[in-house]
**Student:** 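First, the structure itself, so that you have it in front of you.
Everything quoted here is computed from the prediction, not taken from an experiment. Within every chain, numbering begins at 1; the chains are lettered A, B, ... in the order of the sequence lines, protein sequences first and strands thereafter.
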There are 2 protein chains.
Amino acid sequence: MGERKEKPQYLTLKRFILELLRKGKLSPHEKLPSERDLTKQFALNRNTVRHALGILEREGKIYRSGRKGWFASGQRLVFDPSKEHVNFDKLARKQGFTPAWQVLESGTMQATGELQELFNVEEGTELFHVFETGSLDGHQVYYSEYFFLAEICPGFLPKIVSRPMTDVLREDYSIHLYQKDLLIRPINMEEETASHIGLPTHSPGIFFRRIKNSQQGRIVQVDYEYWRADSIELRSTFSS
Amino acid sequence: MGERKEKPQYLTLKRFILELLRKGKLSPHEKLPSERDLTKQFALNRNTVRHALGILEREGKIYRSGRKGWFASGQRLVFDPSKEHVNFDKLARKQGFTPAWQVLESGTMQATGELQELFNVEEGTELFHVFETGSLDGHQVYYSEYFFLAEICPGFLPKIVSRPMTDVLREDYSIHLYQKDLLIRPINMEEETASHIGLPTHSPGIFFRRIKNSQQGRIVQVDYEYWRADSIELRSTFSS
DNA sequence: GAGTGGTCTAGACCACACA
DNA sequence: GTGTGGTCTAGACCACTCC
């Protein structure tokens, strides 16, 4: 009657791993024992082990990398969605990370569909596109697709390989970006997105769609960003 | 060599259900076929069926309710995290929902631990606490725990059963709340939290911690809110 | 009582990673 | 080649819901 219910066994494993993390016996980015090792240690079936690991993954405590295994999550990059200016490089350095990014592809294209609507331009208007990945301390954390109005920044593309995009726009074109619209959605990473960051399909992620104005109020940039969910923390501080 | 890889079978089921949703053959809040029905229809094992359903759940397309089954998600409440004022009742009505809330428990307590730190008051300072759930169109979507500085609003608790909390503070105490700090985190709902909203453990959720000032700049309220992840959409629009 | 979702076992085969 | 995670099967028992 008043008996305590049996706790599910996956909770035992989950708590064990949380303890390892709490006590520092698993350092950030350290690999966990293999799933089969855990089945032996806890006399559990591999399905049950994977159930426990999946829960920890969705809580952001651990993450998977490729097919290489499960790893303890690192420190989160704190990100303020209420700020109108966003500069990954500066933000990360301020928080003690070593950020890096790599352009995977860039070029010109013509506006159609959603992009045409968002930019509010005629179909066929020329856009620059940039696909890149970014990392913190050597660990890949995001994949993004940026789109710019080509006419406002001729010769833009070669410059961004080595300099932060916001710096190039400010210094070379006197364009200051202001975030106008921000959409945030927790997602499962689709195969293609995940593969760019070296993650397995269905890794938990956070998606951002940003629409940015120039100081003249014109929409000049649209970003789609896909972040590893455990790599960031969303926190707004209001100054008023 | 150039052969297409076999698609995983759970993807077949996943896409089938997405099609049902897209075509409107599953209306919002309509129950899906039982897991065992789906195993028969698709000649799949129940584990595989549950895998597919879990992915759809984490994408916010479907949700579970109690042990009653899986349901198609409804329309999302659009929520702007950059706004300093938040009023669930008004926000929901403006978007065509019929909101409701229910106070589960309320009373007085003394500040300790994190609450004492957040309020920045002496240990033992009297606080009001209110635990409540909220629903949209009859479907429970959040559970929250509010804490107030008791001294600024004597006689507060009986009033909030029937009136929105922000209205009571404004009309009866001339207190206007300003969001000062906002923390957003995707979570798995823990057993206790989930049970308040009639959800099973590990339902995907979004957690908010809000710290609110009065117009005098004093911290007067701290909220912890747990939302069903599929019930809201985060979107900021900047007016500048 | 029949059916539901939640938990769990004991296997299996595959593609891929690493040594 | 050995071990890894990803996918999948064929069962089982339980607590709970609904009729």
**Student:** Output a table of donor-acceptor pairs, distance under 3.5 Å, between side-chain atoms of residues 157-166 of chain B and any protein atom two or more places apart or on a different chain; print 'none' if there are none.
**Tutor:**
residue: B/Lys159; atom: NZ; partner: B/Asp172; partner atom: OD2; Å: 3.0
residue: B/Arg163; atom: NH1; partner: B/Asp172; partner atom: OD2; Å: 3.3
residue: B/Arg163; atom: NH2; partner: B/Glu171; partner atom: OE1; Å: 2.8
residue: B/Arg163; atom: NH2; partner: B/Asp172; partner atom: OD1; Å: 3.1
residue: B/Thr166; atom: OG1; partner: B/Asn87; partner atom: ND2; Å: 3.0

**Student:** Taking the side chain from B/Ser34 and the backbone from B/Asp37, do they hold a donor-acceptor pair closer than 3.5 Å?
**Tutor:** yes
**Student:** Would you jot down, in residue-number order, the residues of residues 40-52 of chain A having a non-hydrogen atom under 4.0 Å from DNA chain D?
**Tutor:** A/Arg46, A/Asn47, A/Arg50
**Student:** Identify all side-chain donor-acceptor contacts of residues 98-114 of chain B below 3.5 Å with residues at least two apart in sequence or on another chain.
**Tutor:**
residue: B/Glu105; atom: OE2; partner: B/His129; partner atom: NE2; Å: 3.3
residue: B/Glu114; atom: OE2; partner: B/Tyr224; partner atom: OH; Å: 2.4

**Student:** Would you please name every residue forming a side chain to side chain donor-acceptor pair (under 3.5 Å) with A/Tyr142, sequence neighbours left out?
**Tutor:** A/Glu132
**Student:** Taking only heavy atoms on the protein side, list every residue of residues 62-69 of chain B lying under 4.0 Å from any atom of DNA chain D, sorted numerically.
**Tutor:** B/Arg67, B/Lys68
**Student:** If I take atom NE2 in residue B/His202 and atom P in nucleotide C/dG5, what distance separates them, rounded to the nearest angstrom?
**Tutor:** 17 Å
**Student:** Would you please name every residue forming a side chain to side chain donor-acceptor pair (under 3.5 Å) with A/Lys40, sequence neighbours left out?
**Tutor:** none
**Student:** Could you check if a side-chain atom of A/Asp223 sits within less than 4.5 angstrom of a side-chain atom of A/Phe208, using non-hydrogen atoms only?
**Tutor:** no
**Student:** Just do the side-chain contact (heavy atoms from CB on, under 4.5 Å) check on B/Trp227 and B/Phe79 with the steps written out, would you?
**Tutor:** CA-CA 12 Å; B/Trp227 291 71; B/Phe79 171 79; 6.0 Å; no
**Student:** Among residues at least two apart in sequence or on other chains, which ones pass side chain to side chain contact (heavy atoms under 4.5 Å, CB included) with B/Ser195?
**Tutor:** none
**Student:** Can you tell me if the side-chain N/O atoms of A/Tyr10 get under 4.0 Å from OP1 or OP2 in C/dT7?
**Tutor:** yes
**Student:** Over 60° means perpendicular and under 30° means parallel, so tell me whether B/His139 and B/Tyr63 are parallel, tilted or perpendicular.
**Tutor:** perpendicular
**Student:** In this structure, which stretches of DNA chain C are paired as stems of three or more consecutive Watson-Crick or G-U pairs, both distances less than 3.5 Å?
**Tutor:** C:1-18 with D:1-18
**Student:** Listed in order of residue number, which residues of residues 27-39 of chain B have a non-hydrogen atom at under 4.0 Å from DNA chain C?
**Tutor:** B/Lys31, B/Ser34, B/Glu35, B/Arg36
**Student:** Write down the distance between CG (A/Leu199) and P (C/dA17), rounded to a whole number of angstrom.
**Tutor:** 14 Å
**Student:** With A/Gln95, which residues qualify under side chain to side chain contact (heavy atoms under 4.5 Å, CB included), at least two apart?
**Tutor:** A/Leu77, A/Val78, A/Leu91, A/Phe97
**Student:** Would one find more than 12 heavy atoms of other residues, nucleotides or ligands at under 6.0 Å from atom NZ of A/Lys90?
**Tutor:** no
**Student:** Measure the distance from CD on A/Gln9 to C1' on C/dA10 and round it to the nearest whole Å.
**Tutor:** 14 Å
**Student:** Would you mind reading off the distance between B/Trp70 atom CH2 and C/dG6 atom C1', rounded to a whole angstrom?
**Tutor:** 10 Å
**Student:** Can you list everything that forms a salt bridge (Lys or Arg N to Asp or Glu O under 4.0 Å) with A/Lys61? Sequence neighbours excluded, please.
**Tutor:** none
**Student:** Rounding to a whole Å, what distance do you find between B/Ile55:CD1 and D/dT7:C1'?
**Tutor:** 11 Å
**Student:** In whole angstrom, what separates A/Glu191's CD from C/dA15's P?
**Tutor:** 14 Å
**Student:** Tell me which pairs pass ring-ring contact (aromatic ring centres under 6.0 Å, His included) where either residue lies in residues 181-202 of chain A, with sequence neighbours left out.
**Tutor:** A/Tyr143-A/His196, A/His202-B/Tyr10
